[in-house]
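Since this is a predicted model, take the numbers as computed values, not measurements.
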Amino acid sequence: VMSDRRRALIDPAFQRADYFASAYGSRHRSTFTTILFFAPFAVVCAWVGSIVRAEYKLPFAIGELLLLAVLTAFFLRSRRRRFHEKWLDYRLLAERVRHLGFLWPLGRSSPVIRVPTHAVLTDPRPAWVNWWYRALARETGLAPIRLDGSTVGALTEQIRTDLVAAQLVYNRAAHTVAHHAERRLHMMPWIPLAMALAAAVTHILEHLHILHLETNIVLALTGIGILGPAFGAALHGFASQAGYQEVGIRTEASAQQLERFAQRLALLDPAQPLASKTLGELALSVADVMGEDLAGWRVDYLARPGNPPG
């Protein structure tokens, strides 16, 4: 069911909020990906500058300074323009407007998002997102449709396929990606750490005169001992910033609840559609489950604003 009013108000509002959420999310992630990737190279410049001949030290010192200055500027730019906060706010708004598109024909509105008690300071309800959404719902008004049997049947099919089934596919895919990514990202920091540990053991053996190493090899082992933890910390930063473990837990729990709604909708007889009131309550329950998942995502990522290089 698609009316001119929905095309004029709800769809453009969702597209605009979704665009800004994607844009600010991309800027936030690219900023801290850049910081985490290039920060260890400042350590490389510092280490190389400490072992080269005196006439070559200045370029490495300048390189280290420039790297740290640029990365710090990236961090301050992201904080000043509030990429992180805007990403979370616009994503919250986009999802609430998307739910409104399914609830509006039934005379309903997106439920108030509940947040955990410990997250009261990050409660999105007093924010601009909530009053903007309420203004859109008031402007949209009541849907100009008659909720007869055929209309309710069409709305039921729309909720089953475009809301529940589509969200189930997304949650399952997100859970699979998060599971594999979390496992790989949490294994990767062990590689440079193991190299640093091996270098430390080799240093001890060399000092005990069990091994006899050339000066260049000793310098290389020193570099591994210094740079290994730096790159390991950067990889751990990637894993922590991404929050794949929390994403996997939330999407799995949400998918289990949505699966029950999908089974209930699949058992309905098309010849005997639900009453509009029953369908409205069912749609609200689905939106409530998705809203809880969204609130959990927002609370998790508010705790990950990103850190300056260092």
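For Trp104 (side chain) and Ile10 (main-chain N/O), no donor-acceptor pair under 3.5 Å exists by modelled atom type. For Ser50 (side chain) and Trp47 (main-chain N/O), a donor-acceptor pair under 3.5 Å exists by modelled atom type. Side-chain N or O atoms of Thr251 include one that pairs as donor or acceptor with a backbone N or O of Gly248 at under 3.5 Å. Judged by distance alone, the side chain of Lys57 and the main-chain N or O of Gly49 form a donor-acceptor pair under 3.5 Å.
Between the side chains of Ser22 and Tyr90, no donor-acceptor pair of N or O atoms lies under 3.5 Å. Counting only N and O atoms by type, the side chains of Asn171 and Arg250 include no donor and acceptor under 3.5 Å apart. Residues His99 and Arg96 have side chains that never bring a donor and an acceptor to within less than 3.5 angstrom of each other. For Gln167 and Arg172, the side-chain atoms include no donor-acceptor pair closer than 3.5 Å. A side-chain donor-acceptor contact under 3.5 Å links Asp148 and Thr151.
Residue Glu55 places its CD atom among more than 12 non-hydrogen atoms of other residues, nucleotides or ligands, all under 6.0 Å distant. Heavy-atom neighbours of Phe74 CZ from other residues, nucleotides or ligands within 6.0 Å: at or below the threshold of 12. When the shell of 6.0 Å around CZ of Phe38 is examined, it contains 12 or fewer heavy atoms from other residues, nucleotides or ligands.
Annotation: the span from Thr222 atom OG1 to Ile217 atom CD1 amounts to 11.5 Å, rounded to 0.5 Å. We find the NE2-CD1 distance between His207 and Ile204 to be 8.5 Å, quoted to the nearest 0.5 Å. The distance from the CD atom of Gln257 to the CG atom of Asp288 is 9.0 Å, given to the nearest 0.5 Å. Taking CG from Asp11 and CZ from Arg16, the interatomic distance works out to 15.0 Å, rounded to the nearest 0.5 Å. Separation of atoms OH (Tyr24) and CZ (Arg91) is listed at 13.5 Å; rounding is to 0.5 Å. For the atom pair Thr161 OG1 and Gln158 CD, the distance stands at 7.0 Å (nearest 0.5 Å).
Both Leu268 and Val152 sit in one connected hydrophobic cluster of ILVMFWY residues. Membership requires side-chain heavy atoms under 4.5 Å apart, directly or through other members. Linking ILVMFWY side-chain heavy atoms closer than 4.5 Å, directly or via other members, places Leu193 and Val43 in two distinct hydrophobic clusters. In the hydrophobic clustering of this structure, Leu211 does not group with Leu197; members are Ile, Leu, Val, Met, Phe, Trp, Tyr whose side-chain heavy atoms approach within less than 4.5 Å, directly or through other members. Using a 4.5 Å cut-off between side-chain heavy atoms of Ile, Leu, Val, Met, Phe, Trp and Tyr, with links allowed through other members, Leu235 and Ile226 fall into the same hydrophobic cluster. Taken together through direct or relayed side-chain contacts under 4.5 Å among Ile, Leu, Val, Met, Phe, Trp and Tyr, Leu67 and Leu76 form part of one hydrophobic cluster.
With a 4.5 Å cut-off on side-chain heavy atoms, Tyr133 and Ser109 count as touching. In this structure, the side chains of Ile35 and Phe32 come closer than 4.5 Å at one or more pairs of heavy atoms. Put simply, the side chain of Leu265 reaches to within 4.5 Å of the side chain of Leu282, judged on heavy atoms. Within the 4.5 Å cutoff, no side-chain heavy atoms of Pro40 are placed close to those of Leu227. Taking 4.5 Å as the limit, every side-chain heavy atom of Ser78 sits out of range of all side-chain heavy atoms of His84. Contact check for Val164 versus Arg160: no side-chain heavy atoms found under the 4.5 Å cut-off. Contact annotation: the side chain of Met187 never approaches that of Arg184 to less than 4.5 Å [non-hydrogen atoms, C-beta and beyond]. Side-chain contact between Phe261 and Ile159 is absent, with no heavy atoms from C-beta onward closer than 4.5 Å.
For the pair Arg29 and Trp87, the cation sits on the ring face: its NZ or CZ lies under 6.0 Å from the ring centre, inside 45° of the axis.
Phe231 has its ring centre no less than 6.0 Å from the ring centre of Phe37.
Between Leu106 and Gly280 the shortest heavy-atom distance is CD1-CA, 3.9 Å. Of all non-hydrogen atoms in Ala255 and Leu168, the two that sit nearest each other are O-CD2, 3.4 Å. The shortest heavy-atom contact between Gly225 and Pro229 is O-CD, 3.1 Å. The heavy-atom pair separating Arg108 from Leu100 by the smallest distance is O-CD1, 4.1 Å. Taking both residues in full, the closest heavy atoms of Thr140 and Leu9 are given as CA-CD1, 3.8 Å, listed atom of the first, atom of the second, then distance. Summarising the geometry of Pro105 relative to Ile145, their closest heavy-atom pair is O-CD1, 3.5 Å, with the distance given to 0.1 Å.
Note on Arg98 versus Asp18: no salt bridge recorded, every NZ/NE/NH1/NH2 to OD/OE distance being 4.0 Å or above.
With sequence neighbours left out, Glu182 forms a side chain to side chain donor-acceptor pair (under 3.5 Å) with His186.
Residue pairs satisfying the side chain to side chain donor-acceptor pair (under 3.5 Å) criterion with at least one member in residues 267-282, sequence neighbours excluded, are absent.
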Show the numbers, then the answer: is there a side chain to side chain contact (heavy atoms under 4.5 Å, CB included) between Thr31 and Phe75? CA-CA 7 Å; Thr31 295; Phe75 170 77; 5.6 Å; no
Decide side chain to side chain contact (heavy atoms under 4.5 Å, CB included) for Arg80 and Arg77; before the verdict, give the C-alpha distance in whole Å, the side-chain angles of both, and the deciding distance to 0.1 Å. CA-CA 5 Å; Arg80 185 177 67 254; Arg77 173 176 173 266; 4.3 Å; yes
Between Leu58 and Ile62, is a side chain to side chain contact (heavy atoms under 4.5 Å, CB included) present by the stated rule, with each step listed? CA-CA 6 Å; Leu58 182 59; Ile62 293 174; 3.8 Å; yes
Take Glu64 and Val44 through the test side chain to side chain contact (heavy atoms under 4.5 Å, CB included) and record every step on the way to the result. CA-CA 8 Å; Glu64 178 187 3; Val44 173; over 6 Å; no
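Between Trp128 and Trp131, the ring planes are perpendicular. Angles over 60° get that label, and only those under 30° would be called parallel. Ring pair His175/His179 is parallel by interplanar angle, where below 30° counts as parallel and above 60° as perpendicular.
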